[in-house]
Amino acid sequence: MKIAKFFKALAAVCLLCIGANALEVGVNYQVLQKPLNVPKNSVVKIFNYECPHCYAFDRTVTPQLMKKLEGTEFLPWHLKTKGVFGQTASGIFAALIVIDEKDDVSLLSDESKFKKAKFAIYKAIHDKKDDFGGGSDKQRFIKTALDAAGVSMSEYEAALASKKAQALLAQWDAGYEVAVISGVPAFVVSGKYLLNTASFGSVDEMVAAVKELLAK
């Protein structure tokens, strides 16, 4: 009887071990040939304002994911190559990230100027179907974002001209090659593991995958 209990316990342990190491390269994630230059303890989210899936993820998945990854740095990278205002949006987001960092505000907080501007743009494009004059009204596009963030044009321009914002914009260019592989939104763990988000059935599964990859 004791032997039977031992083997039953051993089988349970084996199952737990399999579950904890169930990630498969090529199925759940892939290793980037050109790693991103970011801290190891980080999750990069590559997105674009015109992408409906990016909007959906930012409303639901992203906040839940990062809430369960306490202590992990969240790095949003905007892809400038998609959308009429792609480059303009990147400038807005980089400038507001600089302001948030200066104010010591988390980019995931509801007080984040970056987050307020991002959702104002998402809502205008996807909910209100506003095309900003067929892509001709760039100033109103910028105003929509800055008004939501409570940032003046002069504050925005100063932040955009900063070395920090320009460095972010240059860094984000590396996200293009990642987006070519998987589309957006794209999640990269530790700068080198690109998640296959379609392979996860829940946020908890995604959290477990990120934790496993962070530990590599």
Side-chain angles (χ1 to χ4, degrees), residues 32 34-39 41-51 53-55 57-59 62-63 65-66 72-126 130 132 135 137-180 183-191 194:
L32 296 177
K34 293 183 179 179
L36 303 179
N37 184 22
V38 295
N41 188 38
S42 67
V43 173
V44 173
K45 185 201 174 191
I46 300 169
F47 73 104
N48 177 271
Y49 78 90
E50 203 174 61
C51 163
H53 302 297
C54 296
Y55 182 24
F57 264 74
D58 272 343
R59 281 183 298 180
T62 306
L65 175 70
M66 296 312 301
T72 303
E73 189 173 2
F74 174 61
L75 301 171
W77 286 22
H78 185 259
L79 189 67
K80 71 181 182 182
T81 54
K82 180 178 173 62
V84 176
F85 298 117
Q87 190 163 347
T88 300
S90 284
I92 292 169
F93 295 144
L96 297 183
I97 286 173
V98 167
I99 293 174
D100 278 339
E101 289 184 352
K102 181 182 177 182
D103 294 340
D104 195 26
V105 175
S106 166
L107 301 182
L108 295 163
S109 167
D110 288 339
E111 298 305 311
S112 163
K113 297 181 186 304
F114 159 75
K115 183 176 179 179
K116 289 177 180 179
K118 180 180 64 174
F119 274 98
I121 291 174
Y122 273 149
K123 290 174 182 177
I125 296 293
H126 300 287
D130 189 346
F132 293 91
D137 199 347
K138 183 171 74 172
Q139 290 307 308
R140 188 164 64 83
F141 181 85
I142 295 173
K143 189 175 186 300
T144 297
L146 298 187
D147 285 354
V151 173
S152 69
M153 182 63 73
S154 60
E155 288 176 307
Y156 156 67
E157 290 174 344
L160 179 58
S162 70
K163 290 183 179 180
K164 175 65 175 176
Q166 292 304 308
L168 283 176
L169 292 171
Q171 184 183 44
W172 293 354
D173 285 344
Y176 175 75
E177 291 187 29
V178 179
V180 167
V184 288
F187 289 83
V188 181
V189 181
S190 297
L194 173 61

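- A side-chain contact (heavy atoms from CB on, under 4.5 Å) with Leu75 is found for exactly one of Ile46, Val44, Leu107, namely Val44.
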Intermediate values then yes/no, side-chain contact (heavy atoms from CB on, under 4.5 Å), Ile142 and Gln139:
CA-CA 5 Å; Ile142 295 173; Gln139 290 307 308; 4.2 Å; yes
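- No more than 12 heavy-atom neighbours from other residues, nucleotides or ligands sit within 6.0 angstrom of CG on Asn37.
- Distance alone, capped at 3.5 Å, places no donor-acceptor pair between the Lys164 side chain and the Ala159 backbone.
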Could you please spell out the steps behind the side-chain contact (heavy atoms from CB on, under 4.5 Å) verdict for Asp173 and Lys80?
CA-CA 8 Å; Asp173 285 344; Lys80 71 181 182 182; 3.3 Å; yes
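- Salt-bridge check for Lys115 with Asp100: failed, with every basic side-chain N at 4.0 Å or more from each acidic carboxylate O.
- With hydrogens and angles disregarded, a donor-acceptor distance shorter than 3.5 Å links the side chain of Thr62 to the backbone of Phe57.
- Of all non-hydrogen atoms in Ala186 and Val178, the two that sit nearest each other are CB-CG1, 4.1 Å.
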Before you tell me yes or no, could you show the steps for Tyr55 and Phe119 under side-chain contact (heavy atoms from CB on, under 4.5 Å), namely the whole-Å CA-CA distance, both residues' side-chain angles and the distance that decides it to 0.1 Å?
CA-CA 8 Å; Tyr55 182 24; Phe119 274 98; 3.9 Å; yes
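- Taking both residues in full, the closest heavy atoms of Ile97 and Trp172 are given as CD1-CZ2, 3.8 Å, listed atom of the first, atom of the second, then distance.
- The aromatic ring centres of Phe93 and Tyr49 sit 6.0 Å or more apart.
- Ring-plane geometry between Tyr122 and His126 is classed as tilted, the angle between the planes lying from 30 to 60 degrees on a 0 to 90 degree scale.
- Interatomic distance, Ser112 OG to Ile99 CD1, rounded to the nearest 0.5 Å: 10.5 Å.
- A salt bridge links Arg140 to Asp130: at least one charged side-chain nitrogen sits closer than 4.0 Å to a carboxylate oxygen.
- For the pair Asp103 and Lys113, the minimum side-chain heavy-atom distance is below 4.5 Å.
- Heavy-atom neighbours of Gln87 CD from other residues, nucleotides or ligands within 6.0 Å: at or below the threshold of 12.
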